[in-house]
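Read the structure below first, then the notes.
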Amino acid sequence: MATNGLSFPWSSPVGNRNLSPFENIRQQMDDIVGNGGILKEMVHPGEGLPVPQNASVLIHYSGFLEYSDRPFETTTHLKYPRMMKLGQDLTLPGMEFGLLTMRKGEFSRFLLQPCYAYGELGCPPLIPAASPVLFEIQILDIFNSGEVDDFVTLSPEEQNTFSLSKLMEVVNTLRSFGNRCFKQNRYEKAKERYKQAAVVLANRVQQSDVEARELQMALLPLYLNLSLTELRLENLQKALKYANKALDVDSGSTKALFRCGQAYLELQNYEKAHESLVKAQRKKPFDCDINNLLKKVTLAYKDSLDKEKDLYTKMFQGFKGPVEM
């Protein structure tokens with residue numbers, strides 16, 4: 001992206017020196033609203049369909065004033081890209097209009113006139129009055145959260161009028177959304193999306209044994225994700241609950257056994273933790289995570305027994321027994 005500070009669209013020697021930087025760049029841009037208020041230059045094309053209404057997009061963006069080679073606002077330095085929901089998180093109409101013309105992976109520039117940006121008053125002290133602004137936007141991912149949010153608000157009866165493939169599409173989108181939130185350490189939001197997906201699956205009226213099994217297998221990764229999320233939130237009993245729900249679906253799931261081991265360890269139930277991890281180790285004897293956690297549990301269990309032994313020893317040291325007559 002041009003926001004790396006090495007080159008900017010108005011720094012090129014090519015162009016009419018009698019025109020301002022924004023006047024020069026607008027000559028290579030397309031008018032996307034028909035009144036010159038929002039101009040677009042596609043720098044790198046994307047793929048797939050344009051961003052749908054009310055979707056959530058994962059983006060990097062930077063905003064520039066004319067004659068400035070530094071952004072007044074940027075997300076490119078952030079560890080995690082910004083997740084923004086159209087119709088909710090965007091305050092500039094020009095930015096929202098622009099996003100609706102973009103596709104996943106696309107990088108484009110948008111020149112916004114004041115009426116589509118910060119208005120006639122601007123936003124002092126950063127944005128002077130009646131200032132046009134240039135935004136560079138890169139879309140990293142798109143989540144059709146508007147369609148999904150509409151689906152989860154339907155009654156179970158209404159949800160059951162949709163095909164199984166449609167339901168699974170909603171579940172997969174919710175899970176992907178949750179995964180993205182989890183990676184950004186937004187654990188409460190991740191948990192919300194995982195639970196929505198689990199409720200959608202639970203509401204489904206099963207048509208056959210094959211469909212019932214498919215629904216159960218779709219629940220497995222959700223329970224595992226919920227268990228890990230609850231561990232991050234230090235809700236240990238809930239983490240254990242979801243790990244056991246995963247084991248109800250697949251009693252041999254090493255991930256579920258590992259989650260049980262993690263939760264039991266934090267609860268200081270070393271015997272149960274050891275039991276769960278030994279079962280997992282039998283299935284994956286060379287798994288480093290399982291073996292390392294099992295070693296940690298074994299050491300903690302031994303330390304606990306040693307402390308208990310020392311306690312009993314001190315208790316009985318002062319007991320001399322009955323006095324003989």
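Predicted model, so just to flag it, every value in this text is computed and none were measured.
Taking Asp289 as the reference, Phe258, Asp287 meet the side-chain contact (heavy atoms from CB on, under 4.5 Å) condition, with sequence neighbours excluded.
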Next item on the list: Dump the intermediate steps for side chain to side chain contact (heavy atoms under 4.5 Å, CB included) on Glu136 and His60, then the final yes or no.
Entry: CA-CA 8 Å; Glu136 295 185 330; His60 272 312; over 6 Å; no
Margin query: Using salt bridge (Lys or Arg N to Asp or Glu O under 4.0 Å), reason through Arg232 and Glu188 one step at a time and then give a plain yes or no.
Written below: CA-CA 10 Å; Arg232 291 287 190 272; Glu188 287 290 353; over 6 Å; no
Next item on the list: Any chance you could lay out the side chain to side chain contact (heavy atoms under 4.5 Å, CB included) test for Leu99 and Ile137, step after step, and finish with the verdict?
Entry: CA-CA 8 Å; Leu99 284 167; Ile137 303 175; 3.9 Å; yes
Note to self: Could you go through Glu47 and Arg103, starting from their C-alpha distance and side-chain angles, then the distance that decides it, and tell me whether this counts as salt bridge (Lys or Arg N to Asp or Glu O under 4.0 Å)?
What the structure shows: CA-CA 6 Å; Glu47 58 183 11; Arg103 292 169 165 78; over 6 Å; no
Notebook entry, point to check: Going through the distances and angles, do Asn160 and Glu157 end up as a side-chain hydrogen bond (donor to acceptor under 3.5 Å, both in side chains)?
Noted result: CA-CA 5 Å; Asn160 275 285; Glu157 294 76 19; over 6 Å; no
Note to self: Run Ser155 and Glu158 through side-chain hydrogen bond (donor to acceptor under 3.5 Å, both in side chains) and show every step you take.
What the structure shows: CA-CA 5 Å; Ser155 68; Glu158 290 171 322; 3.3 Å; yes
Next item on the list: Go through Ile59 and Gln138 one step at a time and tell me if the side chain to side chain contact (heavy atoms under 4.5 Å, CB included) criterion holds.
Entry: CA-CA 6 Å; Ile59 64 174; Gln138 182 182 24; over 6 Å; no
Item checked: Worked verdict on Leu219 versus Gln216 for side chain to side chain contact (heavy atoms under 4.5 Å, CB included) -> CA-CA 5 Å; Leu219 279 168; Gln216 282 293 300; 3.7 Å; yes
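The aromatic rings of Tyr270 and Tyr301 are tilted relative to each other, their planes meeting at an angle between 30° and 60°. A perpendicular orientation is assigned to the rings of Phe72 and Phe135, their planes being inclined by more than 60° (bins at 30° and 60°).
Atom NZ of Lys279 sits in a sparse spot, with 12 or fewer heavy atoms from other residues, nucleotides or ligands closer than 6.0 Å. Atom CD of Glu211 has more than 12 neighbouring heavy atoms from other residues, nucleotides or ligands inside a 6.0 Å radius.
With no hydrogens or angles considered, a side-chain donor-acceptor pair links Tyr61 and Glu73 at under 3.5 Å. Between Glu66 and Ser20, the side chains place a donor N or O and an acceptor N or O closer than 3.5 Å (distance only, hydrogens not considered). Side chains of Glu169 and Asn172: a donor-acceptor N/O pair is absent below 3.5 angstrom, by distance only.
No donor-acceptor pair closer than 3.5 Å links the side chain of Ser68 to the backbone N or O of Leu65. Thr75 places no side-chain N or O within donor-acceptor distance of the main-chain N or O of Leu78, the cut-off being under 3.5 Å. With hydrogens and angles ignored, the 3.5 Å screen pairs no side-chain donor or acceptor of Ser131 with any backbone N or O of Ile127. Checking side-chain atoms of Thr298 against main-chain N and O of Leu294 turns up a donor-acceptor pair under 3.5 Å. For the pair Lys85 (side chain) and Asn54 (backbone), a donor-acceptor distance under 3.5 Å is present. Side chain of Asp303 to main chain of Leu299: no donor-acceptor pair is present (N/O by atom type, distance under 3.5 Å, no hydrogens or angles).
Under the 4.5 Å side-chain heavy-atom criterion for Ile, Leu, Val, Met, Phe, Trp and Tyr, Met102 and Leu112 are members of the same hydrophobic cluster. When hydrophobic clusters are built by joining Ile, Leu, Val, Met, Phe, Trp and Tyr residues whose side-chain heavy atoms come closer than 4.5 Å, directly or via intermediates, Tyr118 is grouped together with Leu126. Hydrophobic clustering (ILVMFWY, side-chain heavy atoms < 4.5 Å, transitive): Leu247 and Leu201 are in distinct clusters. Hydrophobic cluster membership is shared by Leu174 and Leu154, with clusters built from Ile, Leu, Val, Met, Phe, Trp and Tyr side chains linked at under 4.5 angstrom. Criterion: ILVMFWY side-chain heavy atoms under 4.5 Å apart, direct or through other members. Under it, Leu222 and Phe151 are part of a common hydrophobic cluster.
For Phe143 and Phe177, the ring centers sit closer than 6.0 Å to each other.
Closest of all the heavy-atom pairs between Gly36 and Gln113 is O-CG, 3.6 Å. The shortest heavy-atom contact between Ser227 and Ala243 is OG-CB, 3.7 Å. Among all heavy-atom pairs drawn from Ala256 and Ala246, the shortest one is CB-CB, 3.8 Å. Here the closest heavy-atom approach between residue Asp31 and residue Val33 is recorded as OD1-N, 3.2 Å. Counting all heavy atoms, side chain and backbone alike, Ile32 lies closest to Gly98 at CD1-CA, 4.1 Å. The shortest heavy-atom contact between Ala239 and Leu231 is CB-CG, 3.7 Å.
Classification of Lys40 and Glu106 as a salt-bridged pair holds, one side-chain N sitting under 4.0 Å from a carboxylate O.
The distance from the CG atom of Leu164 to the CZ atom of Arg204 is 5.0 Å, given to the nearest 0.5 Å. The OG atom of Ser276 sits 10.0 Å away from atom CG of Leu293, with the distance rounded to the nearest 0.5 Å. Between the OG atom of Ser56 and the CE atom of Met83 there is a distance of 6.0 Å, given to the nearest 0.5 Å. Annotation: the span from Cys115 atom SG to Ile38 atom CD1 amounts to 8.0 Å, rounded to 0.5 Å. Atom CG of Leu224 sits about 7.0 Å away from atom NZ of Lys255, to the nearest 0.5 Å. Note that SG of Cys260 and CG of Asn244 are 4.5 Å apart. Values are rounded to the nearest 0.5 Å.
Residues Asn292 and Lys296 fail the side-chain proximity criterion, which asks for heavy atoms closer than 4.5 Å. The shortest distance between side-chain heavy atoms of Pro81 and Leu140 falls below 4.5 Å. In this structure the side chain of Phe64 reaches within 4.5 angstrom of the side chain of Ser62, judged on heavy atoms. Using a 4.5 Å heavy-atom cutoff, the side chains of Asp30 and Leu39 are not in contact. Inter-residue side-chain proximity for Thr101 and Pro50 is flagged as unmet; no heavy-atom pair is nearer than 4.5 Å. Between Ile142 and Pro52 the shortest side-chain heavy-atom distance falls below 4.5 Å. Within the 4.5 Å cutoff, no side-chain heavy atoms of Arg213 are placed close to those of Asp209. The shortest side-chain heavy-atom distance between Gln237 and Glu230 does not fall under the 4.5 Å cut-off.
Across Met84, Lys104, Arg82, Gln184, a single residue satisfies side chain to side chain contact (heavy atoms under 4.5 Å, CB included) together with Leu58, and that is Gln184. Just one residue in the list Arg26, Glu41, Glu23 forms a side chain to side chain contact (heavy atoms under 4.5 Å, CB included) with Leu111, and that residue is Arg26.
Applying the ring pair (Phe, Tyr, Trp, His ring centres under 6.0 Å) test to residues at least two apart or on different chains, the pairs with a partner in residues 183-214 are Phe182-Tyr187.
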